[in-house]
2 protein chains.
Amino acid sequence: MTTIKDVAKLAGVSTATVSRVMNGTGYVNPSTKKKVNSAIKQLDYRPNDVARSLFKGKSKMIALFVPDIMNPFFPELARAVEDVTNHHGYTFILCNTDDEIEKEQTYLNALQQKSVDGIIIVSSTITKELISKIKIPIIALDRIIGANMSSVTVNNREGAREAVRYLKSIGCQRIAHICGPDHVINTAERMKGYLDEVKDEDWFLSSYIVSGEYYFQTATQAMKKLLTVHPEIDGIFVGNDLMGVGVLKGAKELGIRVPDELSVIAFDGIMLGETTTPSLTTMAQPIYEIGARAAEMLLEQINDSKYQSKREEFTVQLIERQSTRKRGESIDR
Amino acid sequence: MTTIKDVAKLAGVSTATVSRVMNGTGYVNPSTKKKVNSAIKQLDYRPNDVARSLFKGKSKMIALFVPDIMNPFFPELARAVEDVTNHHGYTFILCNTDDEIEKEQTYLNALQQKSVDGIIIVSSTITKELISKIKIPIIALDRIIGANMSSVTVNNREGAREAVRYLKSIGCQRIAHICGPDHVINTAERMKGYLDEVKDEDWFLSSYIVSGEYYFQTATQAMKKLLTVHPEIDGIFVGNDLMGVGVLKGAKELGIRVPDELSVIAFDGIMLGETTTPSLTTMAQPIYEIGARAAEMLLEQINDSKYQSKREEFTVQLIERQSTRKRGESIDR
DNA sequence: CTGAAAGCGCTAACAT
DNA sequence: ATGTTAGCGCTTTCAG
């Protein structure tokens with residue numbers, strides 16, 4: 001490996017000078033600068049980032065924690081974070097935590113020991129105590145963690161309300177909800193939104209709410225059980241798209257026609273929802289934007305000593321596709 | 001940040017001794033070991049990995065290059081690599097290259113400067129020259145890169161043949177192929193397999209082969225155009241599952257019933273293929289296994305100075321689902 | 001404008 | 001069995 005010394009020797013200057021031209025710090029005579037640059041080129045020299053990191057205590061790396069990389073929502077999010085961070089010269093590290101606090105703990109330690117500059121976290125299990133022990137900048141994404149840390153989220157509750165209102169507006173009379181896992185804050189928020197709209201309806205039953213655990217297969221099962229017990233259900237608001245697709249699958253298996261007999265709306269707006277037939281109506285999050293915004297905020301926090309933590313909330317947007325239709329409207333396919 | 005010096009001071013020993021107990025190298029008196037360990041605990045000391053890396057020239061990090069993180073195949077693969085590497089105490093870095101050689105180049109440099117210990121690469125664009133400049137261990141995954149580097153792949157050609165033979169065996173008379181992008185070696189292999197089985201059939205036309213570029217939407221378009229021009233087609237072998245789902249979508253839009261009028265088989269075996277209705281018959285790769293195996297090989301190569309490069313090929317397996325059915329068989333749904 | 005030298009935190013000879 | 005010391009490759013005072 002060629003080092004700064006080799007360059008210095010070849011250019012006939014000191015290592016300090018080489019460092020100066022590399023970093024553009026301090027004055028250096030144009031002619032020596034030329035010599036140095038040509039030496040660098042000649043040797044195809046690249047500075048050792050590890051040595052740099054050791055000196056600076058920074059690594060030019062940032063990490064993203066996601067609970068489930070197999071849920072397409074997270075690759076889309078990761079993609080955004082990666083784009084932004086790369087663009088600013090950072091190396092991006094993706095960590096899959098399975099929403100297990102032990103894995104989060106392990107990653108947190110490992111990354112800290114590597115002088116990672118900042119972390120974006122999607123987590124429901126991580127605790128404030130754990131975070132407070134970490135001195136590096138952290139941003140919460142998709143789910144608020146608490147404490148006074150910055151976060152980027154969407155209006156889950158209002159989005160859920162909108163979804164349910166939409167179902168009502170197209171004539172659904174019995175609306176159920178397939179929710180996510182208990183411990184996820186989004187689950188609670190979206191459920192609140194659902195309840196806001198249905199709890200005073202005379203048809204509402206608490207057994208209209210079942211959990212699909214944010215998994216495809218679990219949602220299929222849950223949906224089938226639900227519709228078997230409650231065949232009167234004609235609309236379902238599903239907690240995320242992955243489960244929404246599971247519900248579509250369950251309907252097919254039950255011989256229930258979507259959207260003719262049952263309207264389904266979900267949440268997230270991932271590409272998966274466009275692949276099915278019928279395609280999935282959904283409350284779409286601006287996935288790329290929130291990922292990108294979180295990355296930008298993290299970079300601000302890293303580079304600005306007097307950064308103030310803030311919470312930003314984005315709005316979800318209804319995307320009507322084929323899994324919902326006004327009651328009684330004709331089938332034109 | 002607490003350093004080894006702090007620990008040494010508190011324990012009343014030298015930093016060398018602390019280092020020795022941490023690493024379990026050399027002799028150290030049980031009683032001093034105790035003192036050191038308690039000092040470590042008391043200070044909640046964690047060694048600085050950057051300093052370690054600088055000294056050792058190794059970072060305990062390994063990276064995986066994938067061409068498209070939005071294709072669910074790659075998260076599944078990444079998951080496997082991550083599991084294995086974490087299990088061995090390595091930090092895992094996922095790099096999305098978009099199959100662009102510039103991004104690969106950039107990542108390669110960045111990672112090398114960070115003393116990354118090894119890289120697993122899924123790439124069609126990377127060149128032998130680029131690789132040969134890198135001195136760190138590299139393994140090719142999913143696609144052979146050439147040179148004499150280790151690789152983990154599947155029997156694409158034979159798998160493709162099997163897929164087409166299966167289509168024939170259930171009575172398909174006109175079998176088309178939606179292939180991936182030109183530059184991907186898998187595309188070529190799978191196409192060869194297809195051609196092996198159909199090129200001598202009197203019905204075969206070269207216009208039965210169209211590209212879906214490994215994208216969902218492109219495949220949908222390609223499929224619709226194909227079936228419009230060639231309505232006689234009754235079987236399609238699709239280059240991967242993502243496109244397979246696109247083909248299913250296209251069929252729905254065209255009003256072609258799958259599998260009654262058209263049988264569709266794809267390649268990969270990702271979870272996405274189970275989410276659709278009909279679910280997708282496919283030649284399933286052992287995704288997790290090949291990812292895990294590549295990771296293991298990389299670790300071998302990192303730790304074994306006399307490692308011999310090798311190529312391992314796994315077998316794909318037919319998974320019959322709902323997108324294929326024997327001609328003339330009754331519909332029981 | 002440039003060089004000498006200290007030091008980031010750790011490990012591995014080399015002494016003792 | 002333990003301490004001393006010389007780096008790993010880089011950056012940044014501090015001199016000149």
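In what follows, every chain begins at residue 1, and chains take the letters A, B, ... in the order their sequences are listed. All values reported here derive from a predicted model rather than from experimental measurement.
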Open item on the list: Measuring from atom CD1 of B:Ile120 to atom CG of B:Leu298, what distance do you get when rounded to the nearest 0.5 angstrom?
Closed with: 5.0 Å
Task: Pair A:Tyr288, A:Asp83: side-chain N/O donor-acceptor within cut-off below 3.5 Å - done: yes
TODO: Show the numbers, then the answer: is there a salt bridge (charged side-chain N to carboxylate O under 4.0 Å, His left out) between A:Asp49 and B:Lys114?
DONE: CA-CA 5 Å; A:Asp49 272 345; B:Lys114 291 189 184 308; 3.5 Å; yes
TODO: May I ask you to check whether A:Asn86 and B:Tyr107 show a side-chain donor-acceptor distance below 3.5 Å?
DONE: yes
Task: Between CE on residue A:Met297 and OG on residue A:Ser151, distance to nearest 0.5 Å - done: 6.5 Å
- [ ] Give the intermediate values and the outcome of salt bridge (charged side-chain N to carboxylate O under 4.0 Å, His left out) for residues B:Arg79 and A:Asp98.
- [x] CA-CA 11 Å; B:Arg79 182 57 204 265; A:Asp98 293 328; 2.9 Å; yes
Open item on the list: Using a 4.0 Å heavy-atom cut-off to protein, can you give one letter per nucleotide of nucleotides 3-11 of chain D, 5' to 3': B if the base is in contact, S if only the sugar-phosphate is, - if neither?
Closed with: BB--BBBSB
Open item on the list: Once rounded to the nearest 0.5 Å, what's the spacing between atom CD of B:Gln301 and atom OH of B:Tyr307?
Closed with: 5.0 Å
Open item on the list: Reading DNA chain C from 5' to 3', where do the contacts with chain A start and stop? Cut-off is 4.0 Å to heavy atoms.
Closed with: C:dC1 to C:dG9
Open item on the list: Within the 4.0 Å heavy-atom criterion, would you say A:Thr32 contacts the bases, only the backbone, or no part of the nucleic acid?
Closed with: sugar-phosphate
List the atom pairs, with distances to 0.1 Å, where a side-chain N or O of residues 137-149 of chain B and a protein N or O form a donor-acceptor pair under 3.5 Å, not counting sequence neighbours.
{"unit_1": "B:Asp142", "atom_1": "OD2", "unit_2": "B:Asn186", "atom_2": "ND2", "d": "3.4"}
{"unit_1": "B:Arg143", "atom_1": "NH1", "unit_2": "B:Asp99", "atom_2": "OD2", "d": "3.3"}
{"unit_1": "B:Arg143", "atom_1": "NH1", "unit_2": "B:Ser124", "atom_2": "OG", "d": "2.7"}

